[in-house]
**Q** 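Could you have a look at this structure, given as structure tokens, before my questions?
The shown structure was predicted, so the numbers you read here are calculated from the model rather than taken from an experiment.
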Amino acid sequence: MSPVLLIRADADSRIGVGHVMRCLALAQAWQDSGGEAVFVATELPGGLEERLLHEGFQLIRIPAPVGGPEDAAATLAAARNHSAVWIVVDGYAFTASFLDALREAGSRVLAIDDMANLERYPVDVLLNQNLSATPAAYDGRAGSSTTLLLGPRFSLLRREFRRIPPRPHFGSSGGLRKIVRVACAKEPAPPSI
């Protein structure tokens, strides 16, 4: 049986699709290494649902207010039903209390963050891939046993971007630089190169 990664993220016209798209990158990497990924969502546009299913991921929709106790209970039930080895949480509606509920149930939790705005981060791994991410932003809020993955070296890139070989670019200074490819959350597929 392949190890299961359970991903809790939502997308809609208000919050955008970025949380699900960066989780898609993690799910693809997990799948490429032999694992299975299951997405859990309360809100998800049809086109994004189709993409997840087309890529071979399972999707569980839960009818609960995002980030509330019922959401945590439904997420934990999905994790148990699929024997998930990790729960990934990505979204602004998930509070420290939500993360506590997952951890207190014995789940290993990875939180993807980009604002450093929770009062506490009771998680096993905290990922913030932003250029401005620093350990100081989480001082006193991430536990001593929490692994911090901070900065762009931990960027989550979907398959379509990982497959593009780096190309040299000569800038005005004549120095050799690598082109950084950034996925626009509004683009479901990369433009032709």
**Q** Between Glu160 and Arg51, does a salt bridge (Lys or Arg N to Asp or Glu O under 4.0 Å) hold up when you go through it step by step?
**A** CA-CA 13 Å; Glu160 59 264 32; Arg51 176 159 184 185; 3.0 Å; yes
**Q** Does a side-chain heavy-atom distance below 4.5 Å link Leu99 with Arg120?
**A** no
**Q** Is the shortest side-chain heavy-atom distance between Thr146 and Tyr138 below 4.5 Å?
**A** no
**Q** Are any non-hydrogen side-chain atoms of Val89 and Leu110 less than 4.5 angstrom apart?
**A** no
**Q** Are any non-hydrogen side-chain atoms of Gln31 and Leu5 less than 4.5 angstrom apart?
**A** no
**Q** Do the charged groups of Arg22 and Asp90 touch, with an N to O distance under 4.0 Å?
**A** yes
**Q** Are the side chains of Phe98 and Thr75 in touch, meaning some heavy atoms are under 4.5 Å apart?
**A** yes
**Q** Checking Phe154 now: which residues fulfil ring-ring contact (aromatic ring centres under 6.0 Å, His included) with it, not counting sequence neighbours?
**A** none
**Q** Does Glu49 come within less than 4.0 Å of Arg61, counting only side-chain N to carboxylate O?
**A** yes
**Q** Report yes or no: does Trp86 contribute a side-chain atom to a donor-acceptor pair with the main-chain N or O of Ser107 at less than 3.5 Å?
**A** no
**Q** Answer yes or no: is there a side-chain heavy-atom contact under 4.5 Å between Ile112 and Leu156?
**A** yes
**Q** For the residue pair Asp10 and Tyr92, confirm or rule out a side-chain donor-acceptor distance under 3.5 Å.
**A** no
**Q** Side chains of Glu36 and His82: any donor to acceptor distance under 3.5 Å?
**A** no
**Q** Any side-chain heavy atom of Asp71 sitting closer than 4.5 Å to one from Pro65?
**A** no
**Q** Looking at Arg141 and Asp113, is there a salt bridge between them, counting it only when a charged N and a carboxylate O are closer than 4.0 Å?
**A** no
**Q** Taking C-beta and beyond as the side chain, do Arg159 and Asp32 meet within less than 4.5 Å on heavy atoms?
**A** yes
